[in-house]
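Worksheet: the structure to be examined is printed underneath.
Since the structure is predicted, the reported quantities are computational estimates derived from the model, not experimental observations. Letters go in sequence order (proteins before strands), and every chain restarts at 1. Reckoned from all heavy atoms, side chains included, excluding hydrogens, waters and symmetry mates.
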4 protein chains.
Amino acid sequence: MRAVRRRRSSRDPQGTDARTRILDAAEALFAERGYDATSTARIARQAGVPKGLVFHYFPQKIDVLVALVDERTAVEELPEDAVEALPGDPAGTLSRLARRFPLRASPAMRRILFREAGTHRSVGERLGRLNGEVFRRARRALELALPGARGDQARLEVAAATFAAVLIYQENLAQLSGQHVDPDAVAELIAHALGA
Amino acid sequence: MRAVRRRRSSRDPQGTDARTRILDAAEALFAERGYDATSTARIARQAGVPKGLVFHYFPQKIDVLVALVDERTAVEELPEDAVEALPGDPAGTLSRLARRFPLRASPAMRRILFREAGTHRSVGERLGRLNGEVFRRARRALELALPGARGDQARLEVAAATFAAVLIYQENLAQLSGQHVDPDAVAELIAHALGA
Amino acid sequence: MRAVRRRRSSRDPQGTDARTRILDAAEALFAERGYDATSTARIARQAGVPKGLVFHYFPQKIDVLVALVDERTAVEELPEDAVEALPGDPAGTLSRLARRFPLRASPAMRRILFREAGTHRSVGERLGRLNGEVFRRARRALELALPGARGDQARLEVAAATFAAVLIYQENLAQLSGQHVDPDAVAELIAHALGA
Amino acid sequence: MRAVRRRRSSRDPQGTDARTRILDAAEALFAERGYDATSTARIARQAGVPKGLVFHYFPQKIDVLVALVDERTAVEELPEDAVEALPGDPAGTLSRLARRFPLRASPAMRRILFREAGTHRSVGERLGRLNGEVFRRARRALELALPGARGDQARLEVAAATFAAVLIYQENLAQLSGQHVDPDAVAELIAHALGA
DNA sequence: TATGAATGAGGATTCATTCAT
DNA sequence: GATGAATGAATCCTCATTCAT
């Protein structure tokens, strides 16, 4: 999570620093065609910077991917209970969680995470951590929303895992299978499964 | 869907014909490192055939992927009701569906489908069709298992879509997020959501 | 020491096989400008082959150097006493050794050996082995030529080492220092040092 | 031959000025890996100075090499007869010459001189001049040590040339051939060749 | 059908050098 | 003087693909 402030140099007429433009271009291209199919030359061209500059900031191509994952998929450091759980309203609670989703990642970044997770360890690890985070929040939200602890713990975990999967992968589920899975509808489904 | 029978040549000590060995090698490699990162030379080496032979069978590299998807992700032509739905037992019905899953695809092929779906139209289409098939079967199974039509149609569709997603992507969900989502448990969850 | 016979293909109008032409070109260029300053593209151009072919035969640039050293600096497998030592004529014996020098290496190869020995282990090792071979032959020749064992053993070794150095490095001594050191004259000098 | 005194700047915690540190780093690196294989960036890093500063002091990379050769291989301006020749003791005289060797060059600089002489005219010239200087001194020393002029002039020159070669290249002889050639022993050998 | 040499476009990466600050 | 971002030519190497045998 870089916070270095970069000054606008005279060589930067676009007003965004070169490093950021490189990451922007890479994000769009990796999402569209995949990491391997995207050449560094193309990233540079789309970013409007000379080829060499990509390597000035990112010594290896893989470092571009790593930087994207590091800097653009940060899990917000929300207080655990930032999403106010409404006792008796698990569906609404999950829906709110979905909306205040802690994953600060563009649809493009999600596609990248998803696609490259299987082949690049660091990406896979990050995706695993994100999934775990969402899972834990969902479980906690459900526990708070269902104070009577109706429904055993095991089922609650299955519910949380299912919801996390749908939430994280919705982007890809939609694109790959051509079918939208609406998180709100799933939230409602799950609430029914757990509730009265 | 090829069914051509190939004779065993004298150069084929493994007892499998060259074309099959090429596809086997490609399946393993594409799953492990992705299509773009796998060279035709490597496929040939792993298959134990000369480089030129790959192009004898598959004029272009992409044809290897297409053949894999065509020949190794076939949706079985099951009769619609091959999975006997037990009225009153939606959970069991879904579980049986999961077990008699119509997708004849190795874990490796599922990873390939999944990974390349976003960048190769033909793969994406195939995945979409598979997902649709599973979705339709799940919906039909639920309709039969819940004859009273309790729960409206919309919720039933959400349930079928969720179940299809978990079923198709379980391979990847497990691998990517490090968390198993047991189809049987999800079946039970969904049954609760729809049932009494 | 390759002995593979290469057929003359129709694509080889020069009548020398491509691999040999690549090595010829590399030998000349490495000797003239050094290994690092010689690009693979230039080798290919001078050899009259496409760039890619260099890497077909030599997966890495360094392999070209290694092949040169392996195949073009072979120590002849002469019987130990192939150079007939004339008792009483150490000078003549050394001169004959110099002329029937066991190092089958062009002046170009000697310059390459010399220059790259310090930075490429395999080259350095080969040079060391060559030097050792020449040293041992010179010592043996002197022992045979001076049967009375006049002059102690230590001095004889110094003589052999000095002669080996002059013999192996004459190419470079001449070029680098602009001064020829005639092996025959050194042979005569050494004979005087050891003889009556 | 620079003699400019450089002040110690506040950015120079090592207490050596930047220019000197650059040359020190270059000397070590050129000796270890060769001129071509050493990037200016690496020199800067090893010297602990920013990349730009290298080009401030040395407008071109080659200027670093030239400066090293100019400033660090100086032939001492000894009076011709600084090495007292002892008539009748040529071995001792040569040994003393070797010890009071006029070449002020570190082992590293000798390796550089040696390696780059063949490809960089200025280095080659300097090496030639050094070799000539040592040769002339050795010849003069021998003439003085052997007043009777026994041994003809031609043999004396061969002796001087051989001794100069051993002296100048001992560093490399040892390193490359793994065999030490002791200058004192060679001096003694040569004395025998010329003396009674 | 089988084989591997041949081809050249393209890709990642390096690097000397410039220059605004 | 000091700094490091910027530049683009050049380098090593990969690879799909062709083709003569």
Side-chain angles (χ1 to χ4, degrees), chain A residues 6-7 9-12 17-19 22 36-44 49-64, chain B residues 6-7 9-12 17-19 36-44 49-64, chain C residues 6-12 17-19 22 36-44 49-64, chain D residues 6-7 9-12 17-19 36-45 49-64:
Chain A
R6 290 161 199 293
R7 61 201 165 314
S9 94
S10 65
R11 299 211 197 164
D12 176 14
D17 72 19
R19 189 173 181 281
I22 291 168
D36 285 314
T38 301
S39 74
T40 55
R42 186 159 192 176
I43 294 172
V49 304
K51 266 187 314 185
L53 198 55
V54 173
F55 290 91
H56 179 71
Y57 287 110
F58 308 99
Q60 313 229 73
K61 183 186 173 187
I62 189 66
D63 295 327
V64 178
Chain B
R6 288 158 204 291
R7 62 201 162 314
S9 94
S10 63
R11 292 279 198 126
D12 176 13
D17 72 13
R19 188 173 182 281
D36 285 314
T38 301
S39 72
T40 55
R42 194 166 218 255
I43 294 172
V49 304
K51 238 181 348 184
L53 201 54
V54 173
F55 287 89
H56 180 71
Y57 288 113
F58 308 98
Q60 314 233 83
K61 183 186 174 188
I62 189 67
D63 296 328
V64 179
Chain C
R6 289 160 201 291
R7 60 201 163 317
R8 186 181 310 179
S9 93
S10 64
R11 301 209 195 165
D12 177 14
D17 74 20
R19 189 173 180 281
I22 291 168
D36 284 315
T38 301
S39 74
T40 55
R42 186 159 192 176
I43 294 172
V49 303
K51 267 184 313 182
L53 199 54
V54 173
F55 291 93
H56 179 69
Y57 288 109
F58 308 100
Q60 313 228 75
K61 183 186 174 187
I62 189 67
D63 295 326
V64 178
Chain D
R6 287 158 203 293
R7 62 203 163 317
S9 94
S10 63
R11 291 279 197 130
D12 176 15
D17 72 12
R19 188 175 181 281
D36 285 314
T38 302
S39 72
T40 54
R42 194 165 219 258
I43 295 172
R45 199 182 338 131
V49 305
K51 238 181 347 184
L53 200 53
V54 173
F55 287 89
H56 180 71
Y57 287 114
F58 308 99
Q60 314 233 85
K61 183 187 173 187
I62 190 67
D63 296 328
V64 179

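Map C/Pro59 and B/Pro59 each onto its nearest nucleotide of DNA chain F; the residue landing nearer the 5' end is C/Pro59.
Within the shown strands, E/dA9 is the pairing partner of F/dT14 under the Watson-Crick or G-U definition, both distances less than 3.5 Å.
Atom CD1 of A/Ile43 and atom CZ of A/Phe58 lie 9.0 Å apart (nearest 0.5 Å). Once rounded to the nearest 0.5 Å, the distance linking NZ of D/Lys61 with CG of D/Asp36 reads 6.0 Å.
For B/His56, a side-chain nitrogen or oxygen approaches OP1 or OP2 of E/dT1 to under 4.0 Å. At E/dA6, one or more side-chain N or O atoms of C/Tyr57 fall inside 4.0 Å of OP1 or OP2 (strictly under the cut-off). An OP1 or OP2 oxygen of F/dA16 is reached within less than 4.0 angstrom by no side-chain nitrogen or oxygen of B/Gln60. Between E/dG4 and B/Lys51, no contact under 4.0 Å exists linking OP1 or OP2 to a side-chain N or O. In this structure, C/Ser39 does not reach the F/dA10 phosphate: none of its side-chain N or O atoms is under 4.0 Å from OP1 or OP2. Proximity of D/Thr40 to the phosphate of E/dC15: no side-chain N or O atom is located under 4.0 Å from OP1 or OP2.
Here the closest non-hydrogen pair linking B/Ala44 and B/Lys51 is CB-CA, 3.8 Å. Counting all heavy atoms, side chain and backbone alike, C/Pro59 lies closest to C/Tyr57 at CD-O, 3.6 Å. Nearest heavy-atom pair across B/Val54 and B/Thr40 is CG2-O, 4.4 Å.
D/Phe58 has its CZ atom 19 Å from the C1' atom of E/dC15, to the nearest Å. Regarding B/Leu53, its CG atom lies at a distance of 9 Å from the P atom of E/dT1, rounded to whole Å. Following rounding to the nearest Å, C/Ile22 (CD1) and E/dT7 (C1') show an atom-to-atom distance of 13 Å. A/Asp63 has its CG atom 15 Å from the C1' atom of E/dT14, to the nearest Å. If you take CZ of B/Arg19 and C1' of E/dT1, they are 15 Å apart, rounded to a whole angstrom. Here the P atom of nucleotide F/dA10 and the NZ atom of C/Lys61 are 15 Å apart, to the nearest Å. As a whole-Å value, the separation of A/Ile43 CD1 from E/dG10 P is 17 Å. Between the CG atom of D/Asp36 and the P atom of F/dA10 there is a distance of 16 Å, rounded to whole Å.
Nearest nucleotide to the side chain of A/Pro50, out of E/dA16, F/dC12, F/dA6: F/dA6. The nucleotide whose nearest atom lies closest to any side-chain atom of B/Phe55 is, among F/dA16, E/dA6, F/dA6, F/dA16.
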